[in-house]
Amino acid sequence: MYEENAKSRLEERKAKREKDAREGTLKTFIGILAVIALGLAGVLGYLYINHRNVVNELNLDKQELTRQMVELQAEYDSLSTSYTFINSQLDSSKEQVAQLIERIKKTDAVNRSRMRQYEKELGTLRSIMKHYIFQIDSLNTLNKRLTADAASARREAAQVKKENEQMSQTISDLSGKVAAGSILKARALHIEAQGSNNKATDRSKTAVRLLTTMSLIANDLAPKGWVKIYIVVKGPDGEVVLPSTNPAGEAFTCGGESLVASASREIDYQGAEVDLSIYLNDVTAFQKGIYTVDVYTAAAPLGNAETMLR
């Protein structure tokens with residue numbers, strides 16, 4: 001009986017030791033789990049904080065990228081030009097900037113690869129804008145130079161036109177002088193009445209003819225060759241005196257005016273001075289008074305003279 005009780009007590013102590021051992025092991029395991037849990041909580045807390053910081057930094061980067069894009073958009077909008085082909089390219093680039101801004105806004109900041117792509121596109125669009133600015137400046141400079149050249153060309157053209165007009169006027173004046181210088185002129189123009197004895201007379205009763213004399217002045221500019229000299233004699237009554245053998249007279253034109261000559265004579269003029277006489281014969285009768293003579297060529301008048309018969 002005593003042995004059974006002792007055995008029972010041994011078994012109880014053994015069971016208690018085993019239980020205590022199990023409880024100790026469990027407590028140790030629970031402690032280890034608690035330590036592990038605390039460690040995991042710390043790691044998770046660190047990761048969370050780090051992730052939050054990274055996300056914040058990425059959001060800041062996104063905001064900065066968006067700000068730069070908006071500034072670039074404003075710079076594009078400020079570009080102004082009157083060149084149609086550049087305006088067309090500018091419109092296309094402005095549309096690309098607007099679309100890129102929208103894509104950035106819709107993209108999550110943590111999408112690093114996409115954000116890097118947007119940064120590259122931003123750099124490309126900036127380079128394109130610099131190229132536009134260079135083009136516009138170059139074209140403006142060229143336009144200013146062309147405008148200055150055009151103004152200079154207009155001034156030169158105006159000067160040339162003025163010089164041409166002056167030259168034309170000079171040529172016209174010279175032509176006029178040459179034309180005027182080429183006209184025959186006469187000097188020592190004289191008219192007298194003659195009697196039947198071929199001597200001068202101042203009496204109407206004895207006069208049978210009128211004699212007009214003159215000298216054609218030497219003129220190298222005058223046309224050479226045969227030239228006809230006309231005289232128009234008018235009596236005291238103002239009527240043209242005509243010979244009885246040619247009562248209709250000789251029609252001619254001088255300077256566009258139609259006239260009737262009392263007599264005429266044709267000479268061969270070669271530029272040297274020539275003395276000539278023209279007779280008006282076969283006059284039926286002479287009146288008392290003043291007789292005038294006007295001398296012409298077909299080109300111009302040569303002069304006039306007068307005489308008085310008693």
Inset, instruction - Any chance you could lay out the side chain to side chain contact (heavy atoms under 4.5 Å, CB included) test for Asp149 and Arg145, step after step, and finish with the verdict? - result: CA-CA 6 Å; Asp149 291 345; Arg145 185 168 69 249; 3.8 Å; yes
Legend entry - Heavy-atom check, side chain of Asn246 versus side chain of Leu242, under 4.5 Å: no
Legend entry - Ile191 with Ile290, same ILVMFWY side-chain cluster at under 4.5 Å: no
Inset, instruction - Using distance alone, with no hydrogens and no angle criterion, decide if Asn304 and Glu306 have a side-chain donor and acceptor under 3.5 Å apart. - result: no
Legend entry - Verdict with supporting geometry, Arg116 and Glu121, salt bridge (Lys or Arg N to Asp or Glu O under 4.0 Å): CA-CA 9 Å; Arg116 284 194 293 271; Glu121 292 185 33; over 6 Å; no
Inset, instruction - Mark yes when over 12 heavy atoms from residues, nucleotides or ligands other than Lys205 sit less than 6.0 Å from its NZ; otherwise mark no. - result: no
Inset, instruction - For the residue pair Met308 and Asp202, establish whether any side-chain heavy-atom pair is separated by less than 4.5 Å. - result: no
Inset, instruction - Give a yes or no on whether Val233 and Phe252 share a hydrophobic cluster (residues Ile, Leu, Val, Met, Phe, Trp, Tyr; joining criterion: side-chain heavy atoms under 4.5 Å apart). - result: no
Legend entry - Identified side-chain hydrogen bond (donor to acceptor under 3.5 Å, both in side chains) partner of Gln159 from the options Lys162, Glu163, Glu156: Glu163
Inset, instruction - For Lys224 and Ala222, indicate whether the former's side chain and the latter's backbone hold a donor-acceptor pair under 3.5 Å. - result: yes
Legend entry - Check: Thr307/Glu192 side-chain N/O donor and acceptor closer than 3.5 Å: no
Inset, instruction - Would you sort out whether Glu95 and Val97 count as a side chain to side chain contact (heavy atoms under 4.5 Å, CB included), showing the intermediate values? - result: CA-CA 5 Å; Glu95 181 63 25; Val97 173; over 6 Å; no
Inset, instruction - Please examine the side chains of Leu72 and Gln68, heavy atoms only from C-beta on, and report whether any two atoms are closer than 4.5 Å. - result: no
Legend entry - Interatomic distance, Leu60 atom CG to Glu64 atom CD [nearest 0.5 angstrom]: 9.5 Å
Legend entry - Pair Tyr296 + Tyr230: ring centers closer than 6.0 Å: no
Legend entry - Short side-chain to backbone donor-acceptor contact, Arg209 and Tyr279, under 3.5 Å: no
Legend entry - For Pro247 against Ser244, the heavy-atom pair lying closest together: CD-O, 3.5 Å
Legend entry - Contacts of Phe286 that satisfy ring pair (Phe, Tyr, Trp, His ring centres under 6.0 Å) - sequence neighbours left out: Tyr291
Inset, instruction - Could you tell me which non-hydrogen atom of Ala193 sits nearest to which non-hydrogen atom of Ala207, and how far apart they are? - result: CB-CB, 3.9 Å
Inset, instruction - Check whether the side chains of Ser215 and Asp275 place a donor and an acceptor atom closer than 3.5 Å, and report yes or no. - result: yes
Inset, instruction - Output the distance between atom CD (Gln270) and atom CG (Asp220), rounded to the nearest 0.5 Å. - result: 11.0 Å
Legend entry - Taking every non-hydrogen atom, the tightest pair across Tyr118 and Leu65: CB-CD2, 3.7 Å
Inset, instruction - Rounded to the nearest 0.5 Å, what's the gap from CD on Glu273 to CG on Leu276? Could you check? - result: 10.5 Å
Inset, instruction - Taking Thr297 for its side chain and Ala300 for its backbone only, find out whether a donor-acceptor pair lies under 3.5 Å. - result: yes
Legend entry - Verdict with supporting geometry, Arg126 and Glu75, salt bridge (Lys or Arg N to Asp or Glu O under 4.0 Å): CA-CA 10 Å; Arg126 278 178 175 164; Glu75 292 174 1; over 6 Å; no
Legend entry - Non-hydrogen side-chain atoms of Val208 and Val283 separated by less than 4.5 Å: no
Legend entry - Steps toward side chain to side chain contact (heavy atoms under 4.5 Å, CB included) verdict (Gln287, Asp237): CA-CA 9 Å; Gln287 303 173 17; Asp237 58 1; 4.0 Å; yes
Inset, instruction - Check the surroundings of atom NZ in Lys234: do more than 12 heavy atoms from other residues, nucleotides or ligands lie under 6.0 Å from it? - result: no
Inset, instruction - With rounding to the nearest 0.5 Å, note down the distance linking OG in Ser264 to CG in Leu280. - result: 11.0 Å
Inset, instruction - Find the distance between NZ (Lys94) and CD (Gln89) and round it off to the nearest 0.5 Å. - result: 12.5 Å
Inset, instruction - Report yes if the side chains of Val232 and Val260 come closer than 4.5 Å at any heavy-atom pair, otherwise no. - result: no
Legend entry - Any side-chain heavy-atom pair of Tyr269 and Leu184 under 4.5 Å: yes
Legend entry - Taking every non-hydrogen atom, the tightest pair across Ala299 and Cys254: C-SG, 4.2 Å
Legend entry - Criterion side chain to side chain contact (heavy atoms under 4.5 Å, CB included) against Met214, the qualifying member of Leu189, Val293, Val274: Leu189
Inset, instruction - Rounded to the nearest 0.5 Å, what's the gap from OG on Ser262 to CG on Asn281? Could you check? - result: 12.0 Å
Legend entry - Donor on one side chain, acceptor on other, Thr206 and Thr201, under 3.5 Å: yes
Inset, instruction - Examine Ile278 and Ile217 and state if one hydrophobic cluster contains both, with Ile, Leu, Val, Met, Phe, Trp and Tyr joined whenever side-chain heavy atoms are less than 4.5 Å apart. - result: no
Legend entry - Side chain to side chain, Arg203 and Leu309, heavy atoms closer than 4.5 Å: no
Inset, instruction - Check the surroundings of atom CZ in Arg103: do more than 12 heavy atoms from other residues, nucleotides or ligands lie under 6.0 Å from it? - result: yes
Legend entry - Flag side-chain contact, heavy atom, 4.5 Å: Lys185 against Leu216: no
Inset, instruction - State whether the side chain of Thr213 and the backbone N or O of Ser277 hold a donor-acceptor pair below 3.5 Å, judged by distance alone. - result: no
Legend entry - Same apolar cluster (I L V M F W Y, side chains within < 4.5 Å links), Met115/Leu100: yes
Legend entry - Main-chain N/O of Thr107 paired to Lys62 side chain as donor or acceptor, under 3.5 Å: yes
